[in-house]
Peer 1: 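Before I ask anything, let me first share the structure, which is written out below as structure tokens.
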Amino acid sequence: MSLFDTDELVINMGPQHPSTHGVLRVVLRLDGERVVGADVVIGYLHRGIEKLSEHRDWQQIVMLTDRMDYVSAATSNLGYCETVEKLMQIEVPRRARYIRTILSELQRIASHNLWLGTHAMDIGAMTVFLYNFRERELILDLFEEFCGARLTYSSMRIGGLPLDIPSGWARKVSAFCDLFETKIPEYEDLLTHNRIWKERTRNIGVISGADAIAIGLTGPPLRGSGVPRDVRKDEPYAAYDEFDFDVPIGSAGDIYDRYLVRLEEFRQSLRIIRQAIAGLPEGPVVGKVPRLIKPPAGETYHAIESPKGELGFFIVSDGRSNVPYRFRVRPPSFCNLQALPRLIKGHLVADVVAMIGSIDIVLGEVDR
Amino acid sequence: MGVNPAPPAGPPDPPPPADLSVPGFISPLQSALPDAVTQVSYWVGDWTMIVATNRLLDVMRHLRTAQEASFDACCDVTATDWPPRAERFDVSYALFSTRHRHRVRVKVRVADSQAVPSVTSVWPSANWLEREVFDMFGIPFDGHPDLRRILMPDEWQGHPQRKDYPLEGPGEMLLENPMDWLRLRYEP
Amino acid sequence: MLEAIAFYGLAALILGFGVMVITARSAVHSVVFLVLNFLAVAVVYVVLGAEFLAVIQVLVYAGGIVVLYLFVVMLVNQKRTPEAHHDPHRKTGLGIMLASAVLAEVTAIVVYTASAPSASPIPVSSPVVGGNTEQVGWLLYTDYLIAFEVASMLLLAAMVGAILFARRMD
Amino acid sequence: MTSMGWLLPLVQILIVLNAVLIAVTYMVLLERKVIAWAQSRLGPMRVGPHGVLQPIADAIKLLLKEDITPARADKWLFTIAPIMSLVPALIAFAVIPFGGHARIFGRDVPLFIADVNVGLLYIVSITSIGVYGIILAGYASNSKYPLLASLRASAQLISYEVAITMMLVSVIVTAGTLSMVAIVEAQLHNHVWFVFVQPVALVVLFIGGLAETNRTPFDLAEAEQELTGGFHTEYSGMRFAMFFLAEYANMIVVSAVVTTLFFGGWLPPFPNVGWLAFLGWIPGWMWFLVKCFVFLYVFVWIRATLPRYRYDQLMRVGWKVLIPVALANLFVTAILKVWL
């Protein structure tokens, strides 16, 4: 018997809300401040990139992939180009694969920077945000020097790269690595052993490894649950099979472990970049690509490890037109976001924003 | 824009070359569930199994639980529209095993408005993916817990990823017969 | 003279707020008027030289208890307007009886005090030197110790009871 | 006392009120500058040299902004809520001793508005009124986020008030008086700042002060990232500014109280040490302001450093840590007072 008659409070978090990282709408049913149920409403940023891509020729689509995960354009470029290369069986020169690896690892650092900044800000630590943007800016400078753009890079082409790296760029990347290594402890000083940070993140949104796989988590959220799943290791692409790096995993599967995993990924990314810079081979940056790109009829699925998780492309070519017959993206943010209602159930409103932050979504990619 | 005599009627789904060894999980599946797998195909490194729609759930459960398969992750569910074909949709599932680190693609062919059994009971991750396929192609999923539109507004008419749906949206371009749009694209 | 003006002004305010408490259409407004009422009473205490009492009046009544009232009033879902509210358990006769008893008592007090020679009131301590905080404390812990302790026990029991009620819901 | 004696308090009130309001606006600038330095950026630089005129520009902007009342809001409560928030914050300054006595124009002038014999209790009771502004703002906005925020805020204020008041009692027992001026004088007579006598009280009081003023890490009530600004989500223009002023005025009150109770108010450091007597040449009110400033800086510093507590954690800290500590401290203080 309930002594008092209580109502649930339905609160509409988003689509305009400072912590939903874009136009995400979460309809929360609350008992006091406790979340009883949640419905995630997406699609506010749906631009029909999959449909559009079926009407753009193969090279033009690179530009569309920029606009999916717009804080991590280079990895989207890479995923798409490699899928088409796989479909056409094009051999990419080793130098191009090395540079692609460097670019996508720089991109991973930049994306994690943005994640850490906004995630910490959601939990109230505003200084971390600016520290991270300070370093992210340096990466954007490097990208600008390489391809002229700071956000939507279009930094790759089918068969290789649009152009070779500028002279002195490799040295600047090394200098950045040295600098960035000294900056990681700054973030850790502010957060890792901070009592409040730990209280806010530990044992929140816990998910076991098996559950995480079943519900479709990939990337750092999955590794935070202790599953050593990383496309870079499991199905190496670009030049990852030539480098030595570890896949950090967590144990508890809570927000804190996901944080630790991503922080360690900073270091592993630096390790990969340094190896790639040190062993950067000479040679062309574009493989043997026909002037008119028209892959033979067939379909393929190819996945890479984007900063958010497994970014897959399923592309069908009819072998006749110069546009893909079917272009499908398996967006990691979309699949990871699916776990949100399960993760926040029973937690408080304040944990909802921490959860959204910890699964690191970009709405451009969720809605496409 | 490509100018072709007629819209294609389906993917080639080429059979595997004779000298290629078939992955270990396929033949146990075929012996456990005879006639479920109608075709095995291989293209640029990807293995594909085409499965009878009514056997899909059995196949999926087997792939999920069998030791040598143990596909514990359903990475992607999507569809391709081949309008000239009677069973116009290919619904394809991209599966991955975190244990064996292998992949397979499972496809079923369904006609318009024919329901596909939902695999959400096997992999909860298929929930939103199937909703997206429903939203984009109008393929209903039997046994799905929450089959609503996901990316398009709830009151949206039509299913954008179908080939007979114009890129510019339904608007004034919506022709009397949706197949006219296809003809516009594939015939000069 | 100045004190009289202050007193009558404040008394008018207190009565005015009191009337507004019971006539306000919204329960939240009533609570706000109640707070203002208490604040005015506190000012009366200051005028009378009882600063400690004034401060406690603000701290306990205005700042503590009424906040809880406000909580309850705010959170209770008022589905019906007060006008539409008909309590089936309302006992009009009993109400009238109790109200007239209170009225009679008040009248009796007024008549009695008016007729009796005005006894010199208990001398109020000078507001400047030392204040009356010490005196209040002294009285509470000597003459009225038992009453004080009984009251605190009562509050403790009420608190335990409230916690028990809240617990049962889980 | 001359016949103009009634004029003096009015002048004092006028000076203090204006000084406080100016201090509050510059407090905003200070906060922005300090946080900017902590975050390796510059902060406001455009209005005046190094942005010193920024607060004035902000004030003009807020005054000229459209003052929106939501359509379904309770208009009367919506209007008085910011007032009920700001007024207690300002009248709390009435008993703050900014200095001892000074001679101005040959007249002995106290550097405080009133020396009430229940000064400390007065501050506690007045700040307890401030919670109404927040609750009513949340209720009157007729919006869910402000309502949640106002519930958070009031629960927070009520529970932290208990710890703070208990700690104040410890200080009162030590000083043997409730008057702010007398507390400072007690520190002079005892030859020691009370921070050395009651260090635990200082810590608890400051933490409670952070919570009372809704500052990081207890700023849940206005958690921008969770509740889109909290109880003042629906406010704009000058009514919003009043909440803002109230928050910063409350910070100054807390700093002033901490300074008075624990750091000897207007006294120079170690006033009884002979060779430090030269510090007495600096006027007392300067010492007071410097000490206050240090605490305001700490407020800002904490904001730049720490993440935010969650609602239930905050309540746990309040009820399960601060209040037992406060009780224990009071107990020990009382025993020592009686037996020593």
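Numbers restart at 1 for each chain; the letters A, B, ... are given by sequence-line order, proteins then strands. None of the values given here were measured: they were computed from a predicted structure. Only heavy atoms go into these numbers, but all of them, side chains included; no hydrogens, no water, no symmetry mates.
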Peer 1: Give the intermediate values and the outcome of side chain to side chain contact (heavy atoms under 4.5 Å, CB included) for residues L120(D) and T177(D).
Peer 2: CA-CA 9 Å; L120(D) 205 48; T177(D) 174; over 6 Å; no
Peer 1: Counting only non-hydrogen atoms closer than 4.5 Å, does V66(C) touch chain D with its backbone (N, CA, C, O), its side chain (CB onward), both, or neither?
Peer 2: both
Peer 1: With a 4.5 angstrom heavy-atom cut-off, could you sort out which part of V131(D) is near chain C: side chain, backbone, both or neither?
Peer 2: side chain
Peer 1: Given that the side chain runs from C-beta out, which part of V32(C) has a heavy atom under 4.5 Å from chain D: side chain, backbone, both or neither?
Peer 2: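 Just its side chain gets close to chain D.
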Peer 1: Is there a side chain to side chain contact (heavy atoms under 4.5 Å, CB included) between K337(D) and T174(D)? Walk through the geometry before answering.
Peer 2: CA-CA 7 Å; K337(D) 180 83 179 175; T174(D) 314; 5.9 Å; no
Peer 1: Within a radius of less than 6.0 Å around CG of L10(D), do more than 12 heavy atoms belonging to other residues, nucleotides or ligands occur?
Peer 2: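 It does: L10(D) CG has more than 12 such atoms within range.
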Peer 1: Counting heavy-atom pairs under 4.5 Å with chain D, which one of L70(C), V60(C), L59(C) comes out on top?
Peer 2: L59(C)
Peer 1: Would you please test F17(C) and F38(C) for side chain to side chain contact (heavy atoms under 4.5 Å, CB included) and show each step?
Peer 2: CA-CA 9 Å; F17(C) 284 136; F38(C) 284 157; over 6 Å; no
Peer 1: Contact part of S150(D) toward chain C, heavy-atom cut-off under 4.5 Å: side chain, backbone, both or neither?
Peer 2: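 For S150(D), the contact with chain C is made by the side chain alone.
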Peer 1: Which residues pass the side chain to side chain donor-acceptor pair (under 3.5 Å) test with D74(D), not counting sequence neighbours?
Peer 2: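 With neighbours one apart ignored, the set is H29(C).
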